[in-house]
Amino acid sequence: MQWDKPWTAESLLRLLLRLFLLLGITGLLAVAVEQYWPDSEPEGRRFWTSAVSGIIVQLGGLVLIALFLRENALSWEAAFGLRRAGATRHLALGVATAAVVFGLALGLMLLSQWLMREVHLTPQPQRAIEALQTSPDPARRWAVAVTAILLAPVFEELVFRGVLLVSLRQAGYPRLAFWGTAVFFGLTHMNLMTFLPLVMYAAVLNVLYLRTGSLIGPITAHAVFNATNFFWVVLGGPGS
């Protein structure tokens, strides 16, 4: 695959600024709604403001990426390898990647929990995982499932692999591109317990994209990984 993408530095900067603005505005609105939402218990209010703001960011981000491609006269296939040819093979690679790496990620999470306890820190799950663990509400479970399995894999892979990884490689920083995006991916989830597993998994997704030239595999792997984690937590797996 040709890694010299014909998008301009100016359009890339505009995309990143727009994404940051979207995150910032949505975050401020979520805080305001959480503060003034009447007649609701605090935990439920926090969950729904977080869930809805996440959906808005992901859907809005997809619109911004579409605008970015339009500005550069690029198709989804040309920009991210989203083509029908070879799609079945890429889907299979994604499923296999998720299946192999899930056990490694679980092991790293258990290691992270042990290390945190050794330094007198209390491991805390991500908010979405905590919501699954503490509430049997089907609506909350559906909200987490839609966000984690359908929306997040597409949006996050387009941003981290499709845009950031490729752009940093084009700028002449292949190592920073590879490890920087992996670490940044872990940091954006804002959870110490899952940081190491997510960095490892992001690195694997980087390899998958660089080897195949298509985001179909990474998106599939990401979705299957999240789905596996979702049902693992719902069914009460160890370490969940």
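All values derive from a computational prediction rather than experimental measurement.
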Practice problem: Would you sort out whether V144 and I149 count as a side-chain contact (heavy atoms from CB on, under 4.5 Å), showing the intermediate values? | Solution: CA-CA 8 Å; V144 172; I149 301 172; over 6 Å; no
Self-check item: Closest heavy-atom pair and its distance - G61, L22
Solution: N-CD2, 3.5 Å
Quiz prompt | Pair H222 and F185, ring centroids less than 6.0 Å apart | solution = yes
Practice problem: Tell me whether V224 is reachable from I219 by hopping between hydrophobic residues (I, L, V, M, F, W, Y) whose side-chain heavy atoms are closer than 4.5 Å. | Solution: no
Practice problem: Report yes or no: does S53 contribute a side-chain atom to a donor-acceptor pair with the main-chain N or O of T49 at less than 3.5 Å? | Solution: yes
Quiz prompt | R161 bridged to E156 by N-O distance under 4.0 Å | solution = no
Quiz item: Which is it for L205 and Y209 under the side-chain contact (heavy atoms from CB on, under 4.5 Å) test, yes or no, and what are the steps along the way?
Solution: CA-CA 6 Å; L205 294 177; Y209 185 39; over 6 Å; no
Self-check item: ILVMFWY cluster, V119 and M193 together (side-chain gap under 4.5 Å)
Solution: yes
Self-check item: F178 backbone acceptor or donor facing T181 side chain under 3.5 Å
Solution: yes
Quiz item: Cation-pi between R140 and F47: NZ/CZ under 6.0 Å from ring centre and within 45° of the ring axis?
Solution: yes
Quiz item: Which word best sums up how the rings of F102 and F225 line up, parallel for under 30°, tilted for 30 to 60°, or perpendicular for over 60°?
Solution: perpendicular
Exercise. Check whether V183 and V166 end up in the same hydrophobic cluster, where Ile, Leu, Val, Met, Phe, Trp and Tyr are linked by side-chain heavy atoms less than 4.5 Å apart.
Key: no
Exercise. Quick one: closest heavy-atom pair of P197 and S112, and the distance?
Key: CD-OG, 4.1 Å
Exercise. Tell me, with the steps shown, if W7 and L15 meet side-chain contact (heavy atoms from CB on, under 4.5 Å).
Key: CA-CA 11 Å; W7 55 58; L15 171 63; over 6 Å; no
Practice problem: Mind listing the closest non-hydrogen atom pair of A177 and L168 along with its distance? | Solution: CB-CB, 3.5 Å
Quiz item: Per the side chain to side chain contact (heavy atoms under 4.5 Å, CB included) rule, which among V57, V154, V159, L67 passes with L62?
Solution: V154
Exercise. Rounded to the nearest 0.5 Å, what's the gap from CG on L69 to CD on E77? Could you check?
Key: 12.5 Å
Quiz item: Do S214 side-chain atoms and G81 backbone N/O form a donor-acceptor pair below 3.5 Å?
Solution: yes
Quiz item: Do T122 and M116 come within less than 4.5 Å of each other through their side chains, counting heavy atoms only?
Solution: no
Quiz item: Nearest heavy-atom pair of W48 and A143: which atoms, and what distance?
Solution: CZ3-CB, 3.8 Å
Quiz item: Between the side chain of K5 and the main-chain N/O of A78, is any donor-acceptor distance below 3.5 Å?
Solution: yes
Quiz prompt | Shared hydrophobic cluster, L208 / F155 (ILVMFWY, side-chain heavy atoms < 4.5 Å) | solution = no
Quiz item: Is the closest side-chain heavy-atom distance between L104 and L108 below 4.5 Å?
Solution: no
Self-check item: Heavy-atom pair of closest approach, residues R83 and H90
Solution: NH2-CE1, 4.4 Å
Quiz item: Given L151 and L59, is the side-chain contact (heavy atoms from CB on, under 4.5 Å) satisfied, shown in steps?
Solution: CA-CA 8 Å; L151 296 178; L59 292 177; 3.8 Å; yes
Quiz item: Do any N or O atoms from the side chain of E157 and from the backbone of L215 form a donor-acceptor pair under 3.5 angstrom?
Solution: no
Quiz item: Same cluster for L210 and L93 if Ile/Leu/Val/Met/Phe/Trp/Tyr side chains link at under 4.5 Å?
Solution: no
Quiz item: Hey, is the main chain of L165 close enough, under 3.5 Å, to the side chain of N206 for a donor-acceptor pair?
Solution: no
